[in-house]
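Working notes, beginning with the structure itself.
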Amino acid sequence: MARVTPRVKRWIIIPLSVLLSLGLVAAGLGYWTVRRAFPQVDGEMVVPVLDGEATVHRDADGVPQIYADTPADLFRAQGFVDAQDRFWQMHFNRMTTAGRLAELFGEEQVETDVYLRTLGWRHVAEQEYELLEPETRAYFDAYAEGVNAYLAQRETGELGLEFSVLGAMNGGAEVEEWTAVDSLAWLKAMAWDLRGNMEDEIERAGLLAAGIDRERVEELYPAYPEEEHPVIVEDGEVRGGAFEPGEPEEDGGDGADEAQAPAPPEGAAAALERVSDGLGSVPELLGPSSPELGSNSWVVSGEFTESGMPLLANDPHLGAQMPSVWHQTGLHCTEVSAECPFDLTGFGFPGLPGIMIGHNADIAWGFTNLGPDVADLYLERIEGDAAIVDGEEEPLETRTETVAVAGGEDVEFTVRSTRHGPLLSDAEAAADLRAFGENAPVDADGEPVGEAEDASYGVALSWTALEPGGTADAIFAIAAAGDFASFREAARSFEVPAQNLVYADTEGNIGYQAPGVIPVRGEGDGRWPAPGWDSDYDWDGTVPFEELPYAENPASGMIVTANQAAVGSEYPRMLTADWDYGYRAARIRDLLQEAAAEGGLTAEDMVAIQMDAENGAARAVVPHLLEAGAEGTAAEARDLLADWDFQQDAGSAPAAFYNATWNHLLDLLFDELGPDHRIDGGSRAWLVVSRLLEEPGSAWWEGSEASGRDAVLSTAMQRAADELSDRLGPDPADWRWGDLHTFTPVHPSFGTSGIAPVEWLFNGSPVPASGGSSTVNATGWERTEGYAVSTVPSMRMAIDLADFDAARWIDLTGPSGHAFHPQRQNMTEKWAAGETVPMPFTPGAVAEAAEDTLVLRPE
């Protein structure tokens, strides 16, 4: 996902007087208050909802492996264990997805709740529950029973230190029973965080409003460079209504429609720029929003491996938070059968039954974000209780919502929707968006008009996740798949968010599938807001699953996905125009090919590649920096670049200077954009700048503070040297990238309170980090906020299909979500150092690794 003007979001705004009280409470919390939330992990416990026993083994790192005789008991036990480790995280997430944060934190969260309810995540989840396959519904219900069995055994203060702090803040709140819909709503949050290019759509219109002509805007958003960087599926085409891998025929596809959509009417684009503030009020539950949200995954066939079997690696790049978004778990039927088909281990989400990424006894799979354009904004003409479409009135759909407020009065409001989706412009949290709609200077034909007494304008969101779907069914179908055919069939139901699915099996096969509900547009290409009054711009169905790209045992023996273009421009369907620009994908492919040429690849080699920190943009920029003038400290720092290997290790002085120079270079080069439209520093900027360096006569080099390519480069280095001298001392040889580029896991609800004792309670400890934006080790940073890590490889895994017990894994933080628990952040230093831990799979290996064993017994 791309975001051009990232902002730090303080999701929970707490009154200062309350925070001061919390600080005093936090300072006085005792040993008992903290430890009473720690779960029992050894011995026996009675869990009345079970039909039979369930056993939970935990290794030295605290990772649980669960065994049960039936799927119902397996998922009951998973719900119980997830609640043991992460119930505050689960509770905060469900209150967010339901638009109920004001019940926890008071009236300051009303506008956020209104926006969330206007989006309707829970509203759609309630509909989705009724559409699930009976088995899936039973699994979700069983998980909820397990969660509730845990809640029944604990007082509120025993569920997490957060509940004690919340009680000090507002007297606390009753914790309701968990439901299957609470779990399903999480899928909507995940889809929202990975929804695609909505911010790019707004930003392009905003740049026009800022006076940048369309040609120059398009320079800032170039097409994917498929001649330079790989696409995921390099061979294949759609024939007879189905995608067929392999060499395309000479009369292959004509390519997706590349006709440009019209720019928004004059005046509308200026207001659309402000929409991002409204969208920014929605908490991102996968972590802070960033252009660097992405992921790496790849599979390599046995012909290149030491074991002779495939290797699969995956490291999803998500927002940095405490605790990790993942909960590493093993789920095992005691005897695998048609009635109890699950024997798997991997990473799931707290609050959601099953495993999202991992392996069973036959196959392994991983995800990266496909990133198709599945969300469009429509400018709507509203007259009374109707929207105008093709000159006719269409009644708006409405529903009433009520927000309960801790310490205040309930707030009731109406959600209105057009044929395209909910009117975000009605939400109190989207005041700027509403102002845009009310002053839209166009008539039903899109022509400029004066003020109209009988009409106003709104902005509606069309988004695939607002239609109930079957993604939950896919989670369990993938977990039980045994070959590529059944894996692909399971992927058919994985509708939102659309993902790149990589695959390997114990028969030696590798594969890839792009699933998802992806709209087919009438007019327009999704890159600009659309006129809702013209039905020609409506969606016209979705891309058939049979036409979506896939690959099975490609001739190259390798499949690499890193959010780059899934297919080349000849593909006849428009998936998106806003891919990652492929630097990570190209680097991974090169490293795999180099390593394969030197000998058989191992899981350890995969982990080493995951930690590669080469800055691909620096290879293009540094030669020009070395030729540009510099004096004093800037000259000393510039000379460090002459022998730099472009690796951004935490201890690297050249990496520190280069990234500071890059940061200032972008501001100088694109000063026309102003502070509200600063270009992000990731792969898009890498490509744009590399091209501009070869065009010294480009108007972009003419700036208000430095003009001409060499002058801009020299000024950027001087500013960087001045900044780092102030921050890190006068000697460039002593500068360290890790002193700037630190990773601190931040608690989503209390971690940005502004009160040191509260933040001390809930935030993790900082560690220096290698890598950077758009490197393979993708520790992204936001230029608007400094060099600290904001997005991370949220976990890493590398699996050799020859030996599942030898799989290597690491989580970002640790299994526990409880403050001060020894397994809350026990993995972070290993994660930062590129270390991994084993994740045993077979019963004997799991038992041997067990440090604690908890037997859950029925009443």
Side-chain angles (χ1 to χ4, degrees), residues 39-59 62-87 90 133-153 178 180 183 327-356 358-362 472 475-482 804-805 815 839-859:
Q40 178 181 338
V41 296
D42 206 10
E44 296 184 0
M45 295 184 71
V46 173
V47 180
V49 297
L50 292 173
D51 294 325
E53 288 187 0
T55 302
V56 184
H57 296 297
R58 291 180 185 260
D59 64 15
V63 176
Q65 301 261 10
I66 304 170
Y67 289 83
D69 293 337
T70 67
D73 277 352
L74 188 63
F75 294 117
R76 287 170 183 143
Q78 186 188 13
F80 189 91
V81 170
D82 279 1
Q84 281 188 307
D85 288 345
R86 301 285 189 90
F87 185 69
M90 294 165 60
E133 294 291 336
E135 294 86 357
T136 303
R137 197 158 51 241
Y139 301 153
F140 272 79
D141 289 339
Y143 181 89
E145 290 172 2
V147 175
N148 293 328
Y150 183 72
L151 299 183
Q153 298 181 11
W178 193 265
S183 296
H327 193 226
Q328 193 175 355
T329 310
L331 297 174
H332 310 276
C333 292
T334 308
E335 292 186 11
V336 178
S337 65
E339 291 72 29
C340 195
F342 302 111
D343 186 19
L344 60 151
T345 190
F347 291 89
F349 294 121
L352 187 70
I355 295 295
M356 293 297 293
H359 68 84
N360 60 28
D362 300 308
I475 295 172
F476 303 99
I478 289 174
F804 286 129
D805 287 332
M839 180 68 165
F841 174 66
T842 60
V846 170
E848 183 178 352
E851 294 283 330
D852 296 294
T853 297
L854 177 66
V855 178
L856 306 178
R857 300 188 183 280
E859 191 170 22

Inset, instruction - For Leu74 and Ile66, work out which heavy atoms get closest and say how close. - result: CD1-O, 3.7 Å
Inset, instruction - Could you tell me the separation between the CG atom of Leu344 and the NE2 atom of His332, rounded to the nearest 0.5 Å? - result: 7.5 Å
Inset, instruction - Indicate yes or no for a side-chain donor-acceptor contact from Thr136 to the backbone of Ala472 under 3.5 Å, with no hydrogens or angles considered. - result: no
Legend entry - Reported CG-to-CD distance for the pair Asp59 and Glu848, which is rounded to 0.5 angstrom: 12.0 Å
Inset, instruction - Return the set of residues passing side-chain contact (heavy atoms from CB on, under 4.5 Å) with Pro858 (not counting sequence neighbours), or none when no residue passes. - result: Leu50, Glu53
Inset, instruction - For the pair Arg58 and Asp42, find out whether any cationic side-chain nitrogen is under 4.0 Å from an anionic carboxylate oxygen. - result: no
Inset, instruction - Taking all non-hydrogen atoms of both residues into account, name the closest pair between Asp362 and Gly482 and its distance. - result: CB-O, 3.9 Å
Legend entry - All ring-ring contact (aromatic ring centres under 6.0 Å, His included) counterparts of Phe75, not counting sequence neighbours: Tyr139, Phe342, Phe476
Legend entry - Gln78/Leu331 under side-chain contact (heavy atoms from CB on, under 4.5 Å): CA gap, chis, key distance, verdict: CA-CA 8 Å; Gln78 186 188 13; Leu331 297 174; 3.7 Å; yes
Inset, instruction - Go through the side-chain N and O atoms of Tyr143 and Asp82 and say whether any donor and acceptor fall under 3.5 Å apart. - result: yes
Legend entry - Backbone of Asp69 reached by a side-chain donor or acceptor of Asp73 within 3.5 Å: no
Legend entry - From His57 atom NE2 to Tyr67 atom OH, the distance as rounded to the nearest 0.5 Å: 6.0 Å
Inset, instruction - Answer yes or no: is there a side-chain heavy-atom contact under 4.5 Å between Ile355 and Thr329? - result: yes
Legend entry - Check: His327 ring centroid to Phe349 ring centroid under 6.0 Å: no
Inset, instruction - Taking the side chain as every heavy atom from C-beta outward, state whether Leu352 and Ile475 have any atom pair closer than 4.5 Å. - result: yes
Inset, instruction - For the pair Gln65 (side chain) and Pro840 (backbone), establish whether a donor and an acceptor sit closer than 3.5 Å, ignoring hydrogens and angles. - result: yes
Inset, instruction - Measure across Gly351 and Met90 and return the closest heavy-atom pair with its distance rounded to 0.1 Å. - result: N-CG, 3.7 Å
Inset, instruction - Decide yes or no for Phe80 and Glu145: does some side-chain heavy atom of the first lie under 4.5 Å from some side-chain heavy atom of the second? - result: no
Legend entry - Side-chain (Asp805) to main-chain (Phe841) donor-acceptor, under 3.5 angstrom: yes
Legend entry - Donor-acceptor contact present, side-chain Thr334 to main-chain Ala68, <3.5 Å: yes
Legend entry - Side chain Gln40, main chain Met45, donor-acceptor under 3.5 Å: no
Inset, instruction - Give the minimum heavy-atom separation between Ala72 and Ala142, together with the two atoms involved. - result: O-CB, 3.5 Å
Inset, instruction - Determine, step by step, whether Arg76 and Asn148 satisfy the side-chain contact (heavy atoms from CB on, under 4.5 Å) criterion, reporting the C-alpha distance in whole Å, the side-chain angles of both residues, the deciding distance to 0.1 Å, and the verdict. - result: CA-CA 9 Å; Arg76 287 170 183 143; Asn148 293 328; over 6 Å; no
Legend entry - Residue pair Val336 / Asp343: nearest heavy atoms and the distance that separates them: CG2-CB, 3.6 Å
Legend entry - Heavy-atom pair of closest approach, residues Trp178 and Ser183: NE1-OG, 3.0 Å
Inset, instruction - Answer yes or no: is there a donor N or O on one side and an acceptor on the other, between the side chain of Arg86 and the main chain of Pro815, under 3.5 Å? - result: yes
Inset, instruction - Without swapping roles, check the side chain of Gln153 against the backbone of Val46 for a donor-acceptor pair under 3.5 Å. - result: yes
Legend entry - side-chain contact (heavy atoms from CB on, under 4.5 Å) assessment of Leu151 paired with Phe87: CA-CA 9 Å; Leu151 299 183; Phe87 185 69; 3.6 Å; yes
Legend entry - Donor-acceptor contact below 3.5 Å, side chain Asn360 vs main chain Ala481: yes
